[in-house]
**Student:** 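Below you will find the structure I want to go over with you.
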Protein chains: 2
Amino acid sequence: MAQPDTRTQILDAAEHLFAERGYRGTSVRAVTDLAGANLAAVGYHFGSKAELLAAVARRVIEPINAAQCAGLDRLLARTPDPSVTELVEAFAGPLFDGTRAGDEGGARTSRLIVTILSDPAEEARSWTGPDEDTVRERYLAAFARALPGLSPEELRFRMRGILAVTAIDRVEVYQQPSPACLTPVAGESTRHWAITFLTAAMSAPPTRT
Amino acid sequence: MAQPDTRTQILDAAEHLFAERGYRGTSVRAVTDLAGANLAAVGYHFGSKAELLAAVARRVIEPINAAQCAGLDRLLARTPDPSVTELVEAFAGPLFDGTRAGDEGGARTSRLIVTILSDPAEEARSWTGPDEDTVRERYLAAFARALPGLSPEELRFRMRGILAVTAIDRVEVYQQPSPACLTPVAGESTRHWAITFLTAAMSAPPTRT
DNA sequence: GGTTCATTCATACGTTCGTTTCAATCGAAC
DNA sequence: GTTCGATTGAAACGAACGTATGAATGAACC
């Protein structure tokens, strides 16, 4: 809480606004206003709006990726064949951990991730590094061993399902305050529900073709 | 294929572009150019860009909603207690049916739906009518009977999971041509995989608290 | 005290956006 | 043939956008 430097204040503001209004819905001026910085500061510190988004995305994704990787390492150190539940927990768990200060229990991070992933803007997709692919490939191999008989295509579909469930649940809550359905659910229970839901889904027998 | 009137040509073009580039990423000029219409035609026929989006969304969602409703009616006419599989199929199935001509097997419709649902723009959320809530409430009740012991909150979470899986799978494919993971999966198999995945997920025992 | 370098500031540029305006056009009714 | 309502056309408006520019600032170092 000392004197936060302009660069991280811009990152914080951009993370907040990108999560809430999307990339295209957030103007550079809105970011700098919220950050209490000058308009030109974005150009100076990041080069462009797209590079600012890449920096925000990296800062959010990297710890998640590291946690996923560490979780798999921990499992594989114990046994060469972790269970589906363990794999689901190690993979999906970090997606629920909003470790960043000021994040409302990870909800803001989730919103940001889905905003980035589902934004059709090209800039939103240029930040991905090889790390994300690597960790996903490792989990893919581990799941393949835990789920013999499942075709690679269906396995890939199911892993996409994990990302979908973990990423979108809070978003729809956030943007659909309809009282009839989809009322917001706070707290840690979401994480447990997701683990239950996804473990059962991943463990389903292969679709007979 | 006779002489398509300007209004529907604009609707078609807008549906295509909104699905591909999102609401904010699509300019009115791009829509009218693709439709071969004049820029002012949008204002004349729809009033504004936001109302054009609402019209597009209504045209896409309404048949899906009707199919979901008819499917539930058909099930309930046979038995008062349909199985989880039947409910999942009746609810999620229509989300995969791209009945509109020109749609690439429903993929474009899926993209449009998730684009609309995940767009943080306020305009993207103003089209919902009471019908969507009604059909969801009916399925909610049917699932509650099929899954006794599940708390209403967790049931709602799982229904959100259905929407997440059906909505997002093709989107991430669409926007992530990474060769490492998540390669596109075409055809009808996606629908079967989703039914398998979601039936198992919905049938999971309640999360012990 | 003067120089240097990184950073911040106010401001402007050029573009694109959604919307509006008003004249032109067309077919049908009289 | 004229009138009239509906539709289309070309053009323009004001606002907001991302970005670039060059001067001001301020602390660190000689």
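We name chains A, B, ... by the order of the sequence lines, and we start the count at 1 in each one. Hydrogens, waters and symmetry mates are skipped; everything else that's a heavy atom, side chains included, is used. Computed from a predicted structure; not experimentally measured.
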**Student:** If I take atom CD1 in residue B:Ile10 and atom P in nucleotide C:dG18, what distance separates them, rounded to the nearest angstrom?
**Tutor:** 14 Å
**Student:** Out of the candidates A:Arg21, A:Arg59, A:Arg58, only one should pair with A:Glu15 under the salt bridge (Lys or Arg N to Asp or Glu O under 4.0 Å) rule; please name it.
**Tutor:** A:Arg59
**Student:** Give the nucleotide from the list D:dT19, C:dT19, C:dT21 with an atom nearest to the side chain of B:Val28.
**Tutor:** C:dT19
**Student:** Nearest whole Å is fine: how far is D:dG9 C1' from B:Asp33 CG?
**Tutor:** 14 Å
**Student:** For A:Leu53 and D:dG18, what is the distance between atoms CG and P respectively, to the nearest whole Å?
**Tutor:** 12 Å
**Student:** Of A:Ser27 and A:Ala40, whose closest DNA chain D nucleotide lies nearer the 5' terminus?
**Tutor:** A:Ser27
**Student:** If you pin A:His45 and B:Arg29 to their nearest nucleotides in DNA chain C, which one's is more 5'?
**Tutor:** A:His45
**Student:** Rounding to an integer number of Å, can you tell me how far A:Arg7 CZ sits from C:dT8 C1'?
**Tutor:** 16 Å
**Student:** Would you please test A:Val88 and A:Phe143 for side chain to side chain contact (heavy atoms under 4.5 Å, CB included) and show each step?
**Tutor:** CA-CA 9 Å; A:Val88 167; A:Phe143 272 114; 3.9 Å; yes
**Student:** Rounded to whole Å, please give me the gap between CG in B:Leu17 and P in C:dC17.
**Tutor:** 12 Å
**Student:** Considering just the side-chain nitrogens and oxygens of A:Ser48, establish if one lies under 4.0 Å of OP1 or OP2 belonging to D:dG18.
**Tutor:** no
**Student:** Taking only side-chain nitrogens and oxygens of B:Thr6, does any of them come within less than 4.0 Å of OP1 or OP2 of D:dT7?
**Tutor:** no
**Student:** Send over the distance from B:Gln9 CD to D:dT8 C1', rounded to a whole Å.
**Tutor:** 13 Å
**Student:** Base, sugar-phosphate alone, or nothing: which one does B:Thr26 contact when heavy atoms must sit under 4.0 Å apart?
**Tutor:** sugar-phosphate
**Student:** When you check the phosphate oxygens OP1 and OP2 of C:dT7, does a side-chain N or O of A:Asn38 lie under 4.0 Å from one of them?
**Tutor:** no
**Student:** Could you label the plane-to-plane angle of the B:Phe157 and A:Phe197 rings as parallel, tilted or perpendicular, counting under 30° as parallel and over 60° as perpendicular?
**Tutor:** perpendicular
**Student:** Rounded to the Å, how far apart are A:Leu39 CG and C:dT8 P?
**Tutor:** 13 Å
**Student:** Side chains of B:Ser151 and B:Glu154: donor-acceptor distance under 3.5 Å anywhere?
**Tutor:** no
**Student:** Do the charged groups of A:Asp73 and A:Arg138 touch, with an N to O distance under 4.0 Å?
**Tutor:** yes
**Student:** Provide, to the nearest angstrom, the distance between the OH atom belonging to A:Tyr44 and the C1' atom belonging to D:dA23.
**Tutor:** 15 Å
